[in-house]
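All values derive from a computational prediction rather than experimental measurement. One-based numbering, in listed order, for ligands and for the atoms of each.
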Amino acid sequence: MTGLRLEDGKNKSVSEILDVTIIGGSIAGLAVAFALTNAGHRVTVFEATDGKNKFERCGAFKLPPNGTLCLNRWGLKTLLDKYSHKFMKYTFYRCEDDALIGTLLLNGLLQHEAFSGQDVADYIFHESSDVWDWLYKLAVDSGVSFRPNSRVVSIDTAKSTITLHNGDEVVSDFIVGADGVNGIARSVVSGQTPDLGGNRFLTVTCTLPCDELLQDKDLATLVDDAYWVVWGGDGVQLQGQVGKRERTYIVTFGYKIPDDVVLDPSLEIFGWYDTFKLGDFKFIDYKKFHGRALKLVNLVKEASQTYSNIHVEQPVLEDLVCDDGRVVLVGDAAHGMIPGQQHNAALGFEDAGVLECLFSSVQSRHNISRLLMAYDEIRGPRIAFGVKIDLSLRDSIMLPKGPLRDQFDDFLRTSAKEHVPAQSDTDDDHLSRLWNDTLKMWLYDASEQVEDWWTKWGNLGTMRELLEHETRRTTIYIDRDISRQ
Ligand SMILES: Cc1cc2nc3c(=O)[nH]c(=O)nc-3n(C[C@H](O)[C@H](O)[C@H](O)COP(=O)(O)OP(=O)(O)OC[C@H]3O[C@@H](n4cnc5c(N)ncnc54)[C@H](O)[C@@H]3O)c2cc1C
């Protein structure tokens with residue numbers, strides 16, 4: 001396979017080769033497995049399912065520049081250039097009348113002065129199934145041991161041990177929880193089961209043949225490779241993009257479930273189902289859609305294969321590492337966001353990048369807890385920020401009619417007209433802030449973050465550790481409140 005960098009980046013300079021357990025072999029688990037093997041460690045991934053690619057029929061993800069940069073650094077640029085679309089245009093419509101609000105020239109925006117002199121990658125759109133395959137190959141070729149049909153049923157944080165469904169126990173130096181938002185690791189680290197009392201969202205993804213759209217003169221206008229189309233409305237969002245292979249059109253339907261709807265208790269929250277059709281969700285109000293948005297929704301209704309998920313909004317976690325310092329969360333297990341946002345996958349890639357940099361220079365097992373606390377220091381604020389930005393954008397897209405929504409639409413309209421984000425006179429304008437924060441999200445370099453952390457805290461941490469590690473293995477050397485500001 002072209003474009004894969006396998007052995008060349010492997011770090012041979014670590015003095016201590018660690019054994020790492022990863023729970024979950026999906027996108028984030030595979031990325032971390034590869035990254036830590038690349039850093040010189042022995043990694044085993046335990047995956048509950050048969051370990052086959054489950055993304056075959058279920059859509060794609062957007063990858064903002066910060067996510068693309070991680071994959072480029074792992075040697076996937078050639079493949080991404082070949083098989084992904086660069087988003088050139090982001091076009092936003094309102095659902096109820098199919099009215100155009102504006103088109104942002106997305107990769108054009110990356111020429112913004114905020115990016116000058118930075119290593120900025122493309123904003124791309126990519127089939128999840130390909131990325132899973134590439135990450136799996138990277139991981140396995142670099143020496144990761146992948147154990148399918150291995151459900152983890154418990155974690156002993158003090159002993160850094162997992163127990164599998166068949167009773168086998170596995171001890172390792174530390175454990176990475178990449179088992180998703182409803183996984184065992186998130187509960188162990190947070191000390192809580194998922195909160196099921198928050199806002200509920202239905203996501204349905206579907207892959208349609210482009211030919212189906214081309215048969216309708218209105219929908220045919222959507223079949224444009226560089227085009228990311230989003231319709232927003234009161235509690236709804238609909239996204240569409242052309243897939244790269246076999247001329248497909250990928251649709252993601254998002255719907256806020258009304259508070260008074262009682263769901264079938266047999267539905268597992270956070271699970272992905274291929275057994276439901278859009279029409280099975282009787283609470284959907286189709287009057288919210290009009291024109292091409294409605295036509296597209298009708299195609300999804302008739303599609304033979306859809307993937308559905310019900311997600312309850314989760315609070316941001318206070319800590320990503322458990323108190324014993326040997327279990328760490330990555331990917332969806334760490335951020336817990338609803339599917340279909342900008343940064344679902346990208347945050348997981350950043351997590352992997354930071355772990356790779358931190359563990360590239362581990363000198364002793366005694367350093368593990370401190371390095372994991374460094375991860376918490378670096379990733380905690382970043383993940384909280386990313387979740388805030390994505391939710392803020394989603395809420396603006398899903399606003400009901402009213403002055404707030406008019407403000408958002410005006411901002412987008414002006415930005416589209418001027419080909420740059422609209423300028424605001426006041427510093428506290430929340431839309432300008434949202435844009436500036438989006439730029440901050442797009443600019444993230446894991447290795448720089450780790451370097452900054454070492455510059456700020458490394459020496460202090462090392463000195464204190466030399467003094468204290470023998471007696472207080474899991475001491476937290478850094479005042480966590482300070483760096484979370
Ligand atoms: C089938 C599927 C379809 C998806 N479709 C979309 C989509 O269309 N749009 C979108 O935006 N997002 C989608 N997502 C979510 C999105 O892909 C995630 O953001 C991305 O996969 C990164 O997630 P992750 O690797 O952190 O966790 P996940 O992808 O949720 O993977 C968690 C992994 O952990 C494994 N696991 C869970 N518990 C255990 C355990 N106890 N022991 C061992 N293994 C365990 C699971 O089997 C799974 O492989 C989908 C996810 C899945 C699983």
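- Ligand-side atoms of ligand 1 in range of Thr49: 47 (O), range being under 4.0 angstrom from any heavy atom.
- One option in Tyr307, Phe61, Trp272, Phe270 has a heavy atom closer to atom 6 (C) of ligand 1 than any other, and that option is Trp272.
- The shortest N/O to N/O separation between Gly183 and ligand 1 does not fall below 3.5 Å.
- The shortest separation from a heavy atom of Ala31 to ligand 1 is not under 4.0 Å, leaving the residue out of contact.
- Applying the salt bridge (Lys or Arg N to Asp or Glu O under 4.0 Å) test to pairs two or more places apart or on separate chains, those with a residue in residues 328-350 are Glu350-Arg379, Glu350-Arg382.
- The heavy atom nearest to atom 9 (N) of ligand 1, considering only Asp50, Val153, Thr205, is found in Thr205.
- By heavy-atom distance, the residue among Gly336, Ala345, Ala28 lying nearest atom 24 (P) of ligand 1 is Ala28.
- Qualifying salt bridge (Lys or Arg N to Asp or Glu O under 4.0 Å) partners for Asp234, counting only residues two or more places apart in sequence or in other chains: none.
- Under a 4.0 Å criterion applied to the non-hydrogen atoms of Gly331, ligand 1 contributes the atoms 26 (O).
- Of the N or O atoms in Asn344, none lie within a sub-3.5 Å distance of an N or O in ligand 1.
- Taking 4.0 Å as the cut-off, Ala178 counts as a neighbour of ligand 1 on heavy-atom distance.
- Ligand 1 is approached by Gly340 to a heavy-atom distance shorter than 4.0 Å.
- Interface of Pro339 with ligand 1, defined as ligand atoms under 4.0 Å from a residue heavy atom, comprises 10 (C), 11 (O), 12 (N).
- Using bins of under 30°, 30° to 60° and over 60° for the plane-to-plane angle, the ring pair Tyr136/Trp132 lands in the parallel bin.
- Interface atoms of ligand 1 facing Phe46, defined by a heavy-atom separation under 4.0 Å, are 43 (C), 44 (N).
- A cation-pi geometry, defined here as NZ or CZ lying under 6.0 Å from the six-membered ring centre and within 45° of its normal, holds between Lys301 and Tyr286.
- In this structure, Leu320 and Val189 have side chains that are not in contact, with every pair of non-hydrogen atoms separated by 4.5 Å or more.
- Note on ring orientation: taking the six-membered ring where Trp is involved, the planes of Phe359 and His41 are perpendicular (angle over 60°, cut-offs 30° and 60°).
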Trace of the salt bridge (Lys or Arg N to Asp or Glu O under 4.0 Å) decision for Arg394 with Asp390: CA-CA 6 Å; Arg394 181 208 63 193; Asp390 272 10; over 6 Å; no

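- Phe92 and Phe408 have perpendicular rings, their planes meeting at more than 60° on a 0 to 90° scale where under 30° would count as parallel.
- The shortest N or O to N or O distance between Ile23 and ligand 1 is not below 3.5 Å.
- Relative orientation of the Phe34 and Trp74 rings is perpendicular, given thresholds of 30° and 60° on the angle between their planes.
- Between Pro315 and Asp195, some side-chain heavy-atom pair lies under the 4.5 Å cut-off.
- Between the side chains of Gln239 and Lys62, at least one donor N or O sits under 3.5 Å from an acceptor N or O.
- The nearest non-hydrogen atom to atom 45 (C) of ligand 1, considering only Ala346, Ala48, Gly177, comes from Ala48.
- Taking any N or O of Asp332, backbone or side chain, at least one lies under 3.5 Å from an N or O belonging to ligand 1.
- For ligand 1 and Gly180, the ligand atoms under 4.0 Å from any heavy atom of the residue are 27 (O), 30 (O), 32 (C).
- When only interatomic distances are considered, the shortest N/O to N/O separation between Gln341 and ligand 1 does not fall below 3.5 Å.
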